[in-house]
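Since the structure comes first, as structure tokens, the remarks are kept for the end.
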Amino acid sequence: MADQHELSPAAYERLKAELDELTGEGRIDIARKIEAARALGDLSENGDYHAAKDQQGKMEARIRHLEALLQDVKIVEGAGDNGVVGVGSVVEIRFQGDDETERYLVGSIEERHDEFEVVSPGSPLGASLLGKQSGDKAQYVVSGNTITVEIVGVGTA
């Protein structure tokens, strides 16, 4: 069974629209580019043809990625106001020894948020934050080093 991906409703809609665009107009556009490049002659030395085929390969890889991602997706509304870190939470943390705080959105890298860095719940930092509340400390290991963070605040995007 594939891993279930958790996405916000907005991210789901954006990715679904991207998939629809790529499988519709995107494929038509690439086919036109390839056909136009073929009309230029010798394919072995045809830069336009090779560029179009490369673009087609990247687009098809993105289509496969999106199809796999959306196949077994769970739509999450965010952590709510219960103050516990979950997928969809915005977490304000302070790294041990730092005075400054940083804010992260816990979720799929596909979330892409303008205001916050996104941290995957499967990453060492993300996994250590899940289930914690404001005032808690979390620890995770990176390259053999244990890093401690304090959860300063938990909210929603």
Side-chain angles (χ1 to χ4, degrees), residues 1-38 48-95 98 100-142 147 149-157:
M1 181 177 161
D3 291 334
Q4 188 172 49
H5 301 280
E6 295 178 327
L7 295 173
S8 68
Y12 175 81
E13 291 302 323
R14 181 178 48 75
L15 295 174
K16 180 79 172 93
E18 180 184 352
L19 179 62
D20 292 345
E21 170 66 23
L22 291 175
T23 56
E25 193 60 39
R27 282 182 170 155
I28 292 168
D29 184 49
I30 288 290
R32 286 184 187 136
K33 287 180 181 178
I34 291 171
E35 191 58 37
R38 278 190 181 138
D48 290 344
Y49 174 78
H50 293 290
K53 290 297 281 183
D54 185 54
Q55 186 179 2
Q56 180 186 40
K58 289 177 182 174
M59 184 183 74
E60 291 299 326
R62 179 66 177 164
I63 288 170
R64 287 189 303 277
H65 172 75
L66 290 173
E67 286 173 341
L69 185 73
L70 297 174
Q71 179 180 350
D72 193 26
V73 71
K74 177 181 176 185
I75 307 298
V76 293
E77 290 294 334
D81 293 327
N82 64 2
V84 176
V85 178
V87 174
S89 295
V90 174
V91 184
E92 185 173 0
I93 61 172
R94 180 180 300 113
F95 287 89
D98 257 350
E100 301 291 318
T101 62
E102 297 181 24
R103 295 175 71 190
Y104 294 93
L105 172 65
V106 179
S108 167
I109 199 67
E110 294 287 354
E111 290 291 339
R112 293 186 197 145
H113 201 282
D114 292 338
E115 292 181 50
F116 315 107
E117 291 288 327
V118 177
V119 61
S120 167
S123 70
L125 173 59
S128 73
L129 294 172
L130 293 176
K132 299 285 195 290
Q133 299 178 14
S134 196
D136 289 350
K137 292 196 184 312
Q139 291 186 328
Y140 63 102
V141 178
V142 175
I147 299 171
V149 296
E150 177 187 356
I151 292 89
V152 176
V154 179
T156 57

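Not measured: the values here are computed from a predicted model.
Distance CD/Glu102 to CZ/Phe116: 13.0 Å, rounded to 0.5 Å. For the atom pair CD of Glu21 and CD1 of Ile63, the computed distance is 10.0 Å after rounding to the nearest 0.5 Å. Atoms NE2 and CG, from His65 and Leu19 in turn, are 11.0 Å apart once rounded to the nearest 0.5 Å. Here the OH atom belonging to Tyr12 is positioned 15.5 Å from the NZ atom belonging to Lys74, to the nearest 0.5 angstrom.
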>> salt bridge (Lys or Arg N to Asp or Glu O under 4.0 Å) for Glu60 and Arg27? Distances and angles first, verdict last.
In response: CA-CA 9 Å; Glu60 291 299 326; Arg27 282 182 170 155; 2.8 Å; yes
>> Determine whether Glu117 and Leu105 satisfy the following criterion, side chain to side chain contact (heavy atoms under 4.5 Å, CB included), listing intermediate values before the conclusion.
In response: CA-CA 6 Å; Glu117 291 288 327; Leu105 172 65; over 6 Å; no
> Where do His50 and Gln55 land on the side-chain hydrogen bond (donor to acceptor under 3.5 Å, both in side chains) test, with the steps shown first?
Replying inline: CA-CA 9 Å; His50 293 290; Gln55 186 179 2; over 6 Å; no
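A distance-only check finds a donor-acceptor pair linking the side chain of Asp136 to the backbone of Gln133 [under 3.5 Å]. Using modelled atom types, one side-chain atom of Ser120 and one backbone atom of Gly122 make a donor-acceptor pair closer than 3.5 Å. Between the side chain of Ser123 and the backbone N or O of Val119, no donor-acceptor pair lies under 3.5 Å.
When side chains are defined from C-beta on, Gln139 does not count as touching Ile147, because their heavy atoms never get closer than 4.5 Å. Here the side chains of Tyr49 and Ile34 are in contact, with some heavy-atom distance below 4.5 Å. Between Arg103 and Val91 the shortest side-chain heavy-atom distance does not fall below 4.5 Å. Side-chain contact between Glu18 and Leu66 is present, with at least one heavy-atom pair separated by less than 4.5 Å. Side chains of Tyr140 and Val149 form a contact here, defined as non-hydrogen atoms less than 4.5 Å apart.
In this structure, Pro121 and Ser108 approach most closely via the heavy-atom pair CD-N, 4.4 Å. Arg62 and Leu15 get closest at one heavy-atom pair: NH2-CD2, 3.8 Å. The two residues Pro9 and Ile75 come nearest to each other via the heavy atoms CG-CG2, 3.7 Å. When all heavy atoms are compared, the tightest approach of Ala11 to Glu110 is CB-O, 4.4 Å.
Remark: Glu25 CD is packed, more than 12 non-hydrogen atoms of other residues, nucleotides or ligands lying under 6.0 Å away.
Each of Thr101, Val152, Val154, Leu125 was compared with Ile93 under the side chain to side chain contact (heavy atoms under 4.5 Å, CB included) criterion, and only Leu125 meets it.
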